[in-house]
There are 2 protein chains.
Amino acid sequence: MSLDHFDLALLDAVQRDAGISQLDLGEKVNLSSAAVNRRLKKMAAEGVIQGTVARINADALGYTLTVITEVEVETERLDLLDDMKRAFLACPQVQQCYYVAGECDFVLIMLVQNMEQYTNITRELFFENNNVKKFKTLVSMSNVKTGTCIPILD
Amino acid sequence: MSLDHFDLALLDAVQRDAGISQLDLGEKVNLSSAAVNRRLKKMAAEGVIQGTVARINADALGYTLTVITEVEVETERLDLLDDMKRAFLACPQVQQCYYVAGECDFVLIMLVQNMEQYTNITRELFFENNNVKKFKTLVSMSNVKTGTCIPILD
DNA sequence: TCTGAAAATGGACCTTT
DNA sequence: AAAGGTCCATTTTCAGA
């Protein structure tokens, strides 16, 4: 799918604020609201726009601790890796999980309410998994930047 | 602010899909659409709901490479750290940035179009900054899990 | 691009606890 | 008072001309 500069401007706007009306969007990018409607609809149908979500204040729900965990595996057997991926996916405290090349094999970003909760999760995910050789924990003192905005207008 | 089980159910629904109508939300949690409207409005005003954003398919825009960078600083002087945080915040390819305790000082999640772009950014952010002692790059082979869903209903 | 119908939002007002 | 429900006006979405 080809995206022109109107599409890019629309994407940039809605990835920052999906609440803005199509009328206001049209004003911002110089397009009628009907054109905005068509383009957004098309991009959603094509999967360029994957959906809209509300951003919730984690602190307000008691999730005040962000932890980054680097996991090193014992063997890279595919079925074992898949099992681990599944376990990470299923754990709601795991916000993000990357399978990486380098010294470690997985990097996890976790959001927990306190250290005790993190400890419990490490037991479940790492200590009770025979394929985890070791893991290293980095505690975030400050979440300098979070979000999922993609660079669009450069 | 105190959140009852209605609020929690609403938060859980809208953090997965903010497009759902207040009528459907009300059906899901057993509340009238007016009550849903009031509660959502209040939670937005109190900052529990920080906003709604569209999720964009990064691949569709050519951003196919996710890189995790661990940065070690020379000195922890506050003004120098603040300068670095500002630089990371201002770089659109930096999706997330955590200031951490441990072996390294910053962990960055970056989204780039290719290795060349990453190389250019490392020059700008790391090589040309005297306070960066060293940095380590981890390349993601698979983004197993991404998103920002907070665990609400457990 | 314009127009209009259908849907969604959000306020007013009344009732319940 | 605080919160829910119903009704209604306004706004928004979205398809057809």
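The sequence lines fix the lettering, A, B, ..., with proteins before strands; numbering per chain opens at 1. Because the structure is a prediction, the values reported are computed rather than measured.
Counting atom types as modelled, B:Arg38 pairs no side-chain N or O with a base atom of C:dG11 as donor and acceptor under 3.5 Å.
At whole-Å resolution of the value, CG in A:Leu31 and P in C:dC2 are 12 Å apart. Rounding to whole angstrom units, CG of residue B:Leu23 and P of C:dT9 are separated by 9 Å. Spacing between atom CG of B:Leu25 and atom P of C:dA8 amounts to 11 Å, rounded to whole angstrom units. If you take CD1 of A:Ile20 and C1' of D:dT13, they are 15 Å apart, rounded to a whole angstrom. Summarising the geometry, the separation between CG on B:Leu10 and C1' on D:dG4 is reported as 14 Å, rounded to the nearest angstrom. We find that CG of B:Asp4 is positioned 12 Å from C1' of D:dG4, with the value rounded to whole Å. As a whole-Å value, the separation of B:Gln22 CD from D:dT13 P is 13 Å. Taking atom CG on B:Leu40 and atom C1' on C:dG10, their separation rounds to 12 Å, with Å as the unit.
Salt bridge annotation for A:Asp24-A:Lys28: absent, with no cationic side-chain nitrogen under 4.0 angstrom from a carboxylate oxygen.
When the nucleotides D:dG5, D:dA15, C:dG11 are ranked by their closest atom to the side chain of A:Lys41, D:dA15 comes out on top. Counting only heavy atoms from C-beta on, A:Asn37 has its side chain closest to D:dT13 among D:dG4, C:dG10, D:dT13.
Taking 4.0 angstrom as the limit, B:Arg39 places a side-chain polar atom (N or O) nearer than this to OP1 or OP2 of D:dG4.
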### Task
Determine, step by step, whether A:Arg39 and A:Asp4 satisfy the salt bridge (charged side-chain N to carboxylate O under 4.0 Å, His left out) criterion, reporting the C-alpha distance in whole Å, the side-chain angles of both residues, the deciding distance to 0.1 Å, and the verdict.
CA-CA 10 Å; A:Arg39 285 165 179 267; A:Asp4 63 16; 2.9 Å; yes
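A donor-acceptor contact shorter than 3.5 Å links the side chain of B:Gln117 to the backbone of B:Gln113. A side-chain donor-acceptor contact under 3.5 Å links A:Gln15 to the backbone of A:Ile150.
Using a 4.0 Å heavy-atom cutoff across all strands shown, A:Ala34 reaches at least one base atom of the nucleic acid.
Toward the 5′ end of DNA chain D lies the nearest nucleotide of B:Ser32, the other residue of the pair A:Ser21 and B:Ser32 mapping further downstream.
A distance of 6.0 Å or more separates the ring centres of B:Tyr98 and B:Phe106.
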